[in-house]
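Following: one structure in structure tokens, then a few remarks.
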Amino acid sequence: MRISLFVPCFVDQLYPNVAWSVVRVLERLGHEVVFPESQSCCGQPPFNSGYWDDARSSARVTMKAFRDAEVVVGPSGSCVTMIKAFYPDLFKGETDELAARELAAKAHEFSSFLVNVLGVTDVGAKFDGKVTFHDGCHGLRELGIKSEPRALLANVKGLELIEMCEAETCCGFGGTFAVKYATISTAMDEVKCASILETGADTVVSNDSSCLMQIRGMLEKEKSSVRSLHLAEILASR
Amino acid sequence: MNGGRAIILGRIREALRNNPAPRPHTSHSQSEAAADHNGHAQREWLPKVGETLPERIDLFAKISEGLTTEFQRVPTMSAARHLITKLATESQWKKIGSHSHQDVDALLEEIELPIVRTEKGYAINDLESCDAGITGCDVLVAQTGGIMVSVESAGGRALSVLPPHHVVIARTSQMVPDLTAAFEHVKQKYGKQFPSFLSFITGPSRTGDIERILVLGAHGPKRLTVILLD
Amino acid sequence: MASQSSDFQTLSRRYTADKGFRAFIQKGMSGYYKKRDQNKANFQDWQGARDLAAEIKYEAINHLDKYLLEFEEKITARGAKVFWAQNAEAAREYILKVAKENNVHSIIKSKTMTSEEIHLNDALEKQGFGVVESDLGEYIVQLRKEAPFHLVFPAMHLTRRQISDLFQKELGSEPTDEPEKLTMIARDIMRRKYCEADMGISGTNFAIAETGMISITENEGNARLTTSLPKIHVALLGIEKVLPKLEDLSLFLPMLATAGAGQTMTCYNTMYAGPRQLGEPDGPEQMHIVLLDNRRTELLADAEQRDSLGCIRCGACLNICPIFKNVGGYSYGTTYGGPIGSVITPHLRGLKDWKHLSAASSLCGACTEACPVKIDLHHHLLQNRRNGAKTAPNPLEKISFGGFSLMMGHPSLYRLASGLGRIFQPLQGLVNGTILDPLRSWTDSRKLPTLAPQSFHEQWKKQRNRKL
């Protein structure tokens, strides 16, 4: 399959290794990965803040970049939610409504794509360590992704998954919320990090780099030895 | 006078006119069921109640235990009388409240305490100082462990809530599977002349308002006894 | 004068800084979660029940005029008086009028959030009518001259010690650290009040059109006593509370109990069809129904968010909300706190002053998932943000997002900015954590991520362009 890679802007700038990990896993499974270079940002920051006109101009760039794609795969439950769940709302009654719906239909979050589209749960990965998994809210509640990352992690050799009690509780990132209401966001981060530490895991994994940025930010500030990795990075390791 | 009736109704109609709301996102196609349902649609989703009467009585007993309802099955009215006499002695009742009701009257035949009867009206303080209120009920609800009472079956509004111990007498024929059946029962029984008060009582009065810790007998009865006559 | 928004910031910071308080709230919720999950599991299908509940509410709200008229006709035929109040003032004046005309001396109330919404107690007290809250939690906060902390658990923010101190000071009772003893102190006081009161004021959980009844859900029995003993019963209800049929309660009563308190059913669920009828031994001589609009019709006119009128005030969205659990009920400054309050308050009290509540959310969606009637809560928060940005944009945000969309709308500009970012990033390092740091609200508690030496775009270009 020819897969068009969607790399969210902050993954592009901060975590290129996450995107490369996706490429490695998909290529290892025998698929061709292309990266439409005219993509920029899905438009979620202005969308979430209420500036829908501004969101639409970003979104149009994304829609154009993936117009001819067969399938679009991205390593972020949140940014894929923007495309899959929110573009149809954003463009409702607009001239590009059809294009928005078309892109929504062919866009997939990485773990969901592997399991539900490709039917793969074992990607031949190996990772020695105890990990705990954080469910990003958008992936979990907008896209209904819960079992997919766990099915994939279950087949990683050497990996032990320990569920945290607050796996489904928000990490407190929420985009601009994290700085506008920093104290609340931080309090939520504390609950999340305490829950992670309670498991005794050495690595926290998620399918969303934005949540990991929030979680990692606090773990590093507190000088914790717990590492944070994107699911794709685990699946790419061997 | 009815205040802003015309204005509010006008606003409601204006708000709804040519302005349809998106239908709820539901996984089950239930719009028809909701628009013209007979009250049975929910049975598919609500907790199971068992097919037979013994199963339902067992369920009622099990839920009662969780609620701290004292559930007593007795084979005969004389056993029920024995039970109430024992309760009266143990709890040192000095005065009780009751009302005109075939089973209640039969139950209390051997009780020799002063009785405040509510059916023709009563003084509030007189009822308040009773140690127990003895009533009948309309039905027992297996699904919830609840008792449905009404003005008619429980001697008014207050008898089943004002005294600190509420004792209910019921027969197994009064056990219904669920709330839907309870509503059907009262609709059949009272038709268009509903009593002004119908209540589901599900366990003794309780509160968790202090540190979410359960305390029984917040304002209503601290004890609830259900005597089920086979 | 400080704005509602800055009040929220101040209060939420204060509560959030108090870790002991946060732990106390979390602990209070933990028993609820367990019991809620057990009760949900008893349903054959909780999701199916939610779907049906949402459909029934959809039917009721979208034919509100029809069902209200049916309700009015039926309950009026039973001897109740129905008053339609356009706003809080009209509702208060009507209740005051009833109290004056009947020479009322003593008023007892059971829990009603609608009366909080119209500030009824203040109005009654100003006119010299003593009012006592009979629900234990409400009584406690009334003694403290506070509003309820939570829709369902009004005093959950207080420890038994604080309550004991309060009772000692206000009631002269002996100190105790047993919730049972504290409850009995209130019970004894309330018993006298029920017997004396000549007016009882209650709320309403559901109004039934088909049979002309109101239904009240409670655990303590205080609402039953409030509506049984005084000679006048006044029931307040928002116009959105009507349900078509009596049997609808067989779904809503267990759902309200499960979602709201983790119970199979609450202890008392009572349906009142008018005042005391001929031949009945007790009950009030008069029953007054106060139907309150108070801008609910504005919410009704917003088709997109109309479903939020289906709210049954169970509090499930508050209980699950990570914001509520950290900032507590008082930070909101609203009658209805938590996610549902953040959604409806801008409609009931003005978007300009209350849109910040919609911004104070990570949009995690736990509320929507918890809602027994499937109100699309977190998406409504997004819509309020959109409506707020349209009608009253924040100038700084407007410029920022304008710039953002200009950059993201032109991939070449995005590339340029990506390069510039790498040049300027070291500058942030110089001010990191200081007062000059523009990202201080992040860096105070969290380490800032650093830009990768090369973006994925650049790396891909270098490594893969040969293929093209």
Side-chain angles (χ1 to χ4, degrees), chain A residues 7 9 11-17 19-20 35 37-41 43 45-55 57-58 60-61 65 89 137-138 140-142 168-189 191 213-214 216-218 220-221, chain C residues 9 12-13 16-17 19 22 26 322-323 325-327 358-366 368-369 378-379 382 384-390 393 397-398 401-402 404-411 414 418 421 439 441-442 444-452 454-457 459-461 464:
Chain A
V7 178
C9 55
V11 172
D12 180 41
Q13 297 296 327
L14 303 171
Y15 311 116
N17 187 51
W20 281 117
F35 177 66
E37 290 184 42
S38 64
Q39 60 183 285
S40 62
C41 167
F47 175 77
N48 272 358
S49 294
Y51 296 85
W52 287 23
D53 287 338
D54 295 325
S57 50
S58 281
R60 285 199 175 93
V61 170
D89 286 345
C137 297
H138 270 149
L140 178 69
R141 299 198 180 87
E142 304 286 351
E168 293 188 2
T169 304
C170 180
C171 66
F173 179 64
T176 52
F177 168 77
V179 283
K180 263 192 195 165
Y181 294 94
T183 48
I184 307 174
S185 169
T186 299
M188 290 160 73
D189 206 358
V191 171
M213 181 160 78
Q214 164 91 343
R216 180 183 297 151
M218 180 162 287
E220 286 184 3
K221 184 106 183 170
Chain C
Q9 283 281 17
S12 65
R13 279 193 190 124
T16 305
K19 288 198 183 177
R22 278 159 50 192
Q26 180 70 31
I323 316 290
K325 281 192 279 177
N326 283 307
V327 308
S358 299
S361 164
S362 63
L363 301 174
C364 75
T368 305
E369 196 174 60
H378 70 299
H379 292 146
L382 265 171
N384 281 342
R385 292 181 185 189
R386 179 202 60 202
N387 298 345
K390 216 181 274 174
E397 275 186 2
K398 197 171 164 57
F401 285 117
F404 179 89
S405 73
L406 180 73
M407 173 175 80
M408 294 302 185
H410 297 83
Y414 172 57
S418 152
L439 300 170
S441 61
W442 177 278
D444 269 352
S445 58
R446 292 153 290 189
K447 202 162 169 246
L448 198 65
T450 49
L451 290 169
Q454 275 189 327
S455 71
F456 179 77
H457 261 95
Q459 294 178 18
W460 178 273
K461 216 177 187 123
R464 297 290 177 108

Output side-chain donor-acceptor pairs under 3.5 Å for residues 174-183 of chain A, partner residues at least two apart or in another chain, one line each.
residue, atom, partner, partner atom, Å
Thr176(A), OG1, Ser49(A), OG, 3.4
Lys180(A), NZ, Glu397(C), OE2, 2.6
Tyr181(A), OH, His356(C), O, 3.4

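At a threshold of 4.5 Å between non-hydrogen side-chain atoms, the residues Tyr51(A) and Ser405(C) do not count as touching. A 4.5 Å side-chain heavy-atom check between Ser185(A) and Arg446(C) finds at least one atom pair inside the cut-off.
When all heavy atoms are compared, the tightest approach of Ala452(C) to Leu14(A) is CB-O, 4.0 Å. Contact record, Trp52(A) with Leu382(C): CZ2-O, 4.5 Å, taken as the closest heavy-atom pair. The shortest non-hydrogen separation linking Ser38(A) to Pro411(C) is O-CG, 3.1 Å. Counting all heavy atoms, side chain and backbone alike, Arg141(A) lies closest to Cys364(C) at NH1-O, 2.9 Å.
Heavy atoms closer than 4.5 Å to chain A are found in the backbone of Thr450(C), but not in its side chain. Within the 4.5 angstrom heavy-atom criterion, no atom of Ser358(C) approaches chain A. Looking at Lys390(C), neither its backbone nor its side chain comes within 4.5 Å of chain A, counting heavy atoms on both sides. If you measure heavy-atom distances from Gln9(C) to chain A, the contacts under 4.5 Å come from the side chain alone.
Below 30°, between 30° and 60°, or above 60°: for Trp460(C) and Trp20(A) the angle between ring planes is below 30°, a parallel geometry.
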